[in-house]
Amino acid sequence: MTEKEKAVGKEHVEGKEKGTGKKIYLGTNTKMYKTIGDTCTYLKALKELTADISEEQAELFVIPSFTSLAAAREILQDSGIRLGAQNMCWEDQGQFTGEISPLMLKELAIDLVEIGHSERRHVFGETDQEERKKVTAAVRHGFQALLCVGETLEQKEYGISDEVLRMQLKVGLHDMTAENGGNLMIAYEPVWAIGVHGIPAGEEYVNQRHRVMKQTLKELLGEEAAWEIPVLYGGSVNPGNAVPLMRQPYVDGLFIGRSAWDAHDFNRLIRSVLEAQA
Ligand code: 13P
C-alpha cells in the first residue's frame, strides 16, 4: 500500500468509525431459497426489526426470487429496505424464453439488479461479455447494477486472483464512463468462499483484493467515480467476521447469504456492524 492509499484508507476507516464516512451497505441475496410466502414473512419481520435504522446509517437491501418481487414491493413500499432482482436480460424484449427483461423489472419499480453472481457464471455458464451486456442495459435503463466478481479456488492457487478480478471488471464495465459511477455497485465474492462448503476469506486478503479493484475502477472510470462506487464483500459472511471485514479500509459493505436468511439473524448482524461503527 502506498502512503497515499494508506492515508485514504485511514480516512475512510476513521470516517466509517465516526459515522461520518461513506455510507455502508448491507444486503442479502436469497438465491433460490424462499417461496413468495417465505419471502413475505421474512420481509415483514425484517422491516419491523430494522425500522429505526436510517438510510444514512446503512443502505439495507434484499434480493429475492423473481416470483416474490411483486409481493415484496408491496411490503417494502414505506420502508428503508431496498429491493433488487437477481438477474436480468440485456434485451428489452424478444425470443428469450425464460428470461426477464429490464422493462418487466421497471414495471415493479425495481432499481437494483444483481449481475454475474458466481452461480450465474459457474452453474449457468455466463461469460464476462454477457455480464457486460447486462450491466450496459441495466445502466441504460437507470438501474443500479450490482456486478459480482470473484476468482475460483484454482485461479487463487495459480496466484492470478487480481488478474481475474481486473479482467472481470474491465470487460464487465467496458461500456461505462465516469458519469455511470452512481449506477454501479461491485460485490467481490470469491467462488471458494461462497455457500455451505465455502471457506470464509480472511479480512486482510479481502482488503487487498478490494484495493486492487478500487485501483482498477480508478483506471477505468477516474478517481471520483472509483470512490463513489461501493465495493461489497460476500462469501460466508457470519456474525464472527462481519465486523472485522467492515473495519477494512476498502470494504464498503457486505453481501450476505445464509447468515441473513433469518430476519432476526440479519438484524443482529446489521446491529453489530452499526455498533462497531458508532
Ligand atoms: P453465503 O453468505 O451463504 O456464502 O452466500 C454469499 C452469496 O453468494 C451472496 O450473494
Side-chain angles (χ1 to χ4, degrees), residues 24-34 38-39 42-43 46 58-66 68-69 72 81-88 110 112-126 131 134-135 138 143-153 155-156 161 164-165 168-169 172 184-203 205-206 209-210 213 230-246 248 251-270 272-273:
I24 61 167
Y25 298 77
L26 300 167
T28 182
N29 154 27
T30 66
K31 309 195 182 187
M32 199 180 72
Y33 278 105
K34 289 185 190 292
D38 297 338
T39 305
Y42 170 74
L43 288 179
L46 189 66
E59 179 168 313
L60 307 179
F61 64 91
V62 175
I63 308 190
S65 62
F66 286 121
S68 302
L69 286 174
I81 304 171
R82 203 170 169 199
L83 187 62
Q86 294 184 5
N87 187 17
M88 192 190 79
I110 301 296
L112 171 67
V113 65
E114 184 180 353
I115 291 168
H117 186 273
S118 150
E119 289 142 24
R120 297 301 320 165
R121 292 175 186 265
H122 299 286
V123 182
F124 298 99
E126 289 184 10
E131 313 311 1
K134 293 182 187 199
V135 168
F143 293 90
Q144 186 167 23
L146 169 53
L147 176 65
C148 303
V149 296
E151 80 280 11
T152 63
L153 182 60
Q155 290 164 334
K156 178 174 179 271
S161 304
V164 170
L165 295 175
Q168 291 177 342
L169 289 177
L184 299 170
M185 194 173 348
I186 306 294
Y188 169 51
E189 301 207 299
V191 181
W192 48 271
I194 297 174
V196 239
H197 304 296
I199 307 146
E203 56 263 20
Y205 182 87
V206 170
R209 304 289 80 71
H210 277 228
M213 291 189 288
V231 184
L232 281 58
Y233 168 76
S236 294
V237 172
N238 59 60
N241 65 8
V243 169
L245 280 163
M246 279 306 296
Q248 299 304 309
V251 176
D252 300 313
L254 302 172
F255 194 26
I256 310 152
R258 291 156 294 153
S259 297
W261 294 341
D262 173 277
H264 291 271
D265 288 348
F266 192 18
N267 177 52
R268 271 192 290 272
L269 198 147
I270 294 165
S272 70
V273 169

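Numbering of ligands and ligand atoms starts at 1, following listing order. Fair warning: this is a prediction, and the values are worked out from it, not measured in the lab.
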What residue and atom, counting heavy atoms only, is the protein's closest point to [atom], and at what distance?
atom                   : answer
atom 5 (O) of ligand 1 : Lys31 NZ, 3.3 Å
atom 2 (O) of ligand 1 : Gly257 N, 2.9 Å
atom 3 (O) of ligand 1 : Arg258 NE, 2.6 Å

Q: Please identify which atoms of ligand 1 are closer than 4.0 Å to at least one heavy atom of His117.
A: 7 (C), 8 (O), 9 (C), 10 (O)
Q) For ligand 1, which atoms, with element, lie under 4.0 Å from some heavy atom of Gly195? A) 1 (P), 4 (O)
Q: May I ask you to identify, for Asn29, whether its side chain, its backbone, both or neither come under 4.0 Å of ligand 1 on a heavy-atom basis?
A: side chain
Q: With atom 9 (C) of ligand 1 as the reference point, say which of Gln86, Glu189, Glu114 has the nearest heavy atom.
A: Glu189
Q | Check ion pair Arg121-Glu126 (N to O, under 4.0 angstrom) | A | no
Q. Mind checking whether Gly235 has an N or O less than 3.5 Å away from an N or O of ligand 1?
A. no
Q. What heavy-atom pair brings Pro190 and Tyr233 nearest, and what distance separates the two atoms?
A. CD-CE1, 3.5 Å
**Q.** Ser236 near ligand 1 by a heavy-atom separation under 4.0 Å
**A.** yes
Q) Run the side chain to side chain donor-acceptor pair (under 3.5 Å) check on Ser65 and Tyr33 step by step: do they pass? A) CA-CA 8 Å; Ser65 62; Tyr33 278 105; over 6 Å; no
(Q) Among Asn87, Leu147, Val113, which residue satisfies the side-chain contact (heavy atoms from CB on, under 4.5 Å) criterion with Lys134? (A) Asn87
